[in-house]
Amino acid sequence: MPRRPNIVPSRNLTMALPEDVFARLQLYLYSEAEQRVPQGAYQSFFVERINEFFERRAFDTGAGVIYGPPETIEYVKSFFEER
(Lines give C-alpha, C1' and ligand atoms only; values in the text may rest on other atoms or scores of the structure.)
Protein backbone atom coordinates (compact mmCIF):
# COMPACT_ATOMS: atom_id res chain seq x y z
CA MET A 1 0.00 0.00 0.00
CA PRO A 2 1.58 3.32 -1.01
CA ARG A 3 2.18 5.99 1.56
CA ARG A 4 -0.27 8.91 1.55
CA PRO A 5 1.21 12.33 0.82
CA ASN A 6 1.40 14.85 3.66
CA ILE A 7 -1.28 17.52 3.71
CA VAL A 8 1.47 20.06 4.42
CA PRO A 9 4.49 19.24 2.26
CA SER A 10 7.86 19.00 4.00
CA ARG A 11 11.26 20.27 2.90
CA ASN A 12 14.56 18.66 3.79
CA LEU A 13 16.98 20.64 5.92
CA THR A 14 20.56 19.70 6.59
CA MET A 15 22.28 21.23 9.60
CA ALA A 16 25.30 20.69 11.77
CA LEU A 17 25.20 21.15 15.53
CA PRO A 18 28.18 21.45 17.85
CA GLU A 19 28.95 18.04 19.35
CA ASP A 20 28.12 19.11 22.93
CA VAL A 21 24.75 20.58 21.88
CA PHE A 22 23.90 17.46 19.88
CA ALA A 23 24.81 15.23 22.85
CA ARG A 24 22.50 17.23 25.16
CA LEU A 25 19.69 17.05 22.61
CA GLN A 26 20.14 13.29 22.24
CA LEU A 27 19.97 12.83 26.00
CA TYR A 28 16.85 14.98 26.20
CA LEU A 29 15.04 13.08 23.42
CA TYR A 30 16.26 9.59 24.40
CA SER A 31 13.53 7.07 25.22
CA GLU A 32 14.28 4.45 27.87
CA ALA A 33 11.40 2.35 26.54
CA GLU A 34 12.83 2.27 23.00
CA GLN A 35 16.49 2.44 24.06
CA ARG A 36 17.08 5.10 21.41
CA VAL A 37 15.85 8.47 20.21
CA PRO A 38 12.39 7.74 18.73
CA GLN A 39 11.79 8.22 15.03
CA GLY A 40 10.63 11.76 14.31
CA ALA A 41 11.73 13.11 17.71
CA TYR A 42 14.29 15.51 16.23
CA GLN A 43 11.78 16.85 13.72
CA SER A 44 9.09 17.31 16.38
CA PHE A 45 11.55 19.08 18.67
CA PHE A 46 12.73 21.54 16.03
CA VAL A 47 9.24 22.23 14.63
CA GLU A 48 7.97 23.03 18.16
CA ARG A 49 10.93 25.33 18.90
CA ILE A 50 10.57 27.14 15.56
CA ASN A 51 6.83 27.66 16.09
CA GLU A 52 7.52 28.98 19.61
CA PHE A 53 10.04 31.42 18.15
CA PHE A 54 7.59 32.82 15.60
CA GLU A 55 4.71 33.02 18.10
CA ARG A 56 6.79 34.78 20.77
CA ARG A 57 6.25 38.47 21.51
CA ALA A 58 8.23 40.97 23.57
CA PHE A 59 7.29 43.76 25.97
CA ASP A 60 9.75 46.26 27.39
CA THR A 61 8.81 47.07 30.98
CA GLY A 62 11.47 49.70 31.37
CA ALA A 63 13.29 47.46 33.83
CA GLY A 64 13.71 44.61 31.36
CA VAL A 65 12.15 42.83 28.43
CA ILE A 66 9.55 40.09 28.92
CA TYR A 67 9.08 37.44 26.21
CA GLY A 68 6.12 35.11 25.88
CA PRO A 69 2.97 34.15 24.00
CA PRO A 70 0.79 37.06 22.81
CA GLU A 71 -1.85 36.37 25.50
CA THR A 72 0.75 36.62 28.27
CA ILE A 73 2.21 39.81 26.87
CA GLU A 74 -1.26 41.41 26.67
CA TYR A 75 -1.89 40.46 30.31
CA VAL A 76 1.43 41.96 31.39
CA LYS A 77 0.76 45.13 29.37
CA SER A 78 -2.65 45.56 31.03
CA PHE A 79 -1.02 45.12 34.45
CA PHE A 80 1.49 47.89 33.71
CA GLU A 81 -1.19 50.19 32.21
CA GLU A 82 -3.27 49.96 35.42
CA ARG A 83 -0.43 51.49 37.43
Side-chain angles (χ1 to χ4, degrees):
M1 176 180 232
R3 190 173 160 192
R4 294 181 186 179
N6 289 335
I7 294 173
V8 178
S10 297
R11 299 283 303 260
N12 285 331
L13 172 67
T14 302
M15 60 189 287
L17 297 173
E19 190 67 37
D20 62 325
V21 173
F22 181 73
R24 288 176 59 197
L25 182 59
Q26 260 188 319
L27 287 172
Y28 178 76
L29 297 175
Y30 185 81
S31 166
E32 287 290 335
E34 295 186 37
Q35 296 292 303
R36 64 186 179 98
V37 174
Q39 183 176 353
Y42 292 109
Q43 180 179 358
S44 296
F45 177 83
F46 284 111
V47 167
E48 288 173 17
R49 300 297 82 75
I50 291 168
N51 284 331
E52 286 172 4
F53 173 80
F54 285 116
E55 292 169 2
R56 185 173 85 160
R57 300 292 181 265
F59 175 66
D60 189 348
T61 66
V65 179
I66 298 172
Y67 296 95
E71 303 82 25
T72 303
I73 297 303
E74 288 304 315
Y75 178 78
V76 171
K77 279 183 181 178
S78 68
F79 176 78
F80 277 90
E81 290 170 356
E82 290 174 6
R83 292 182 162 220

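Atom CZ of Arg24 is surrounded by 12 or fewer heavy atoms from other residues, nucleotides or ligands within 6.0 Å. Remark: Glu34 CD is packed, more than 12 non-hydrogen atoms of other residues, nucleotides or ligands lying under 6.0 Å away. At most 12 non-hydrogen atoms from other residues, nucleotides or ligands lie less than 6.0 angstrom from CD of Gln43.
A donor-acceptor pair is defined here as one N or O able to donate and one able to accept, closer than 3.5 Å; such a pair exists between the side chain of Gln35 and the backbone of Glu32.
To the nearest 0.5 Å, atoms CD (Gln26) and CG (Leu17) are separated by 10.5 Å. The line from CG of Asp60 to NZ of Lys77 is 11.0 Å long, rounded to the nearest 0.5 Å.
With contacts defined as side-chain heavy-atom distances shorter than 4.5 Å, the pair Phe59/Thr72 does not qualify. Between Phe79 and Thr61 there is no side-chain heavy-atom pair separated by less than 4.5 Å.
Minimum heavy-atom separation, Pro70 to Glu55: CD-O, 3.3 Å. Ile66 and Ile73 get closest at one heavy-atom pair: O-CD1, 3.6 Å.
Follow the hydrophobic side-chain contacts under 4.5 Å out from Val47 and you never reach Leu29; the two are in separate clusters. Hydrophobic clustering of Ile, Leu, Val, Met, Phe, Trp and Tyr side chains at less than 4.5 Å, counting indirect connections, unites Tyr28 with Met15. Residues Phe53 and Ile50 share a hydrophobic cluster, clusters being chains of Ile/Leu/Val/Met/Phe/Trp/Tyr side chains in contact below 4.5 Å. Val37 and Val21 fall into different hydrophobic clusters, where Ile, Leu, Val, Met, Phe, Trp and Tyr side chains are chained together by heavy-atom contacts under 4.5 Å. The cluster map of Ile, Leu, Val, Met, Phe, Trp and Tyr, joined by side-chain heavy atoms under 4.5 Å apart, puts Tyr75 and Tyr67 in different clusters.
Annotation: side chain to side chain donor-acceptor pair (under 3.5 Å) contacts of Arg57 (sequence neighbours excluded): none. Residues that satisfy the side chain to side chain donor-acceptor pair (under 3.5 Å) test with Glu48, not counting sequence neighbours, are absent from this structure.
Remark: Arg49 is positioned above the aromatic ring of Phe45, its terminal NZ or CZ atom under 6.0 angstrom from the ring centre and at most 45 degrees off the axis.
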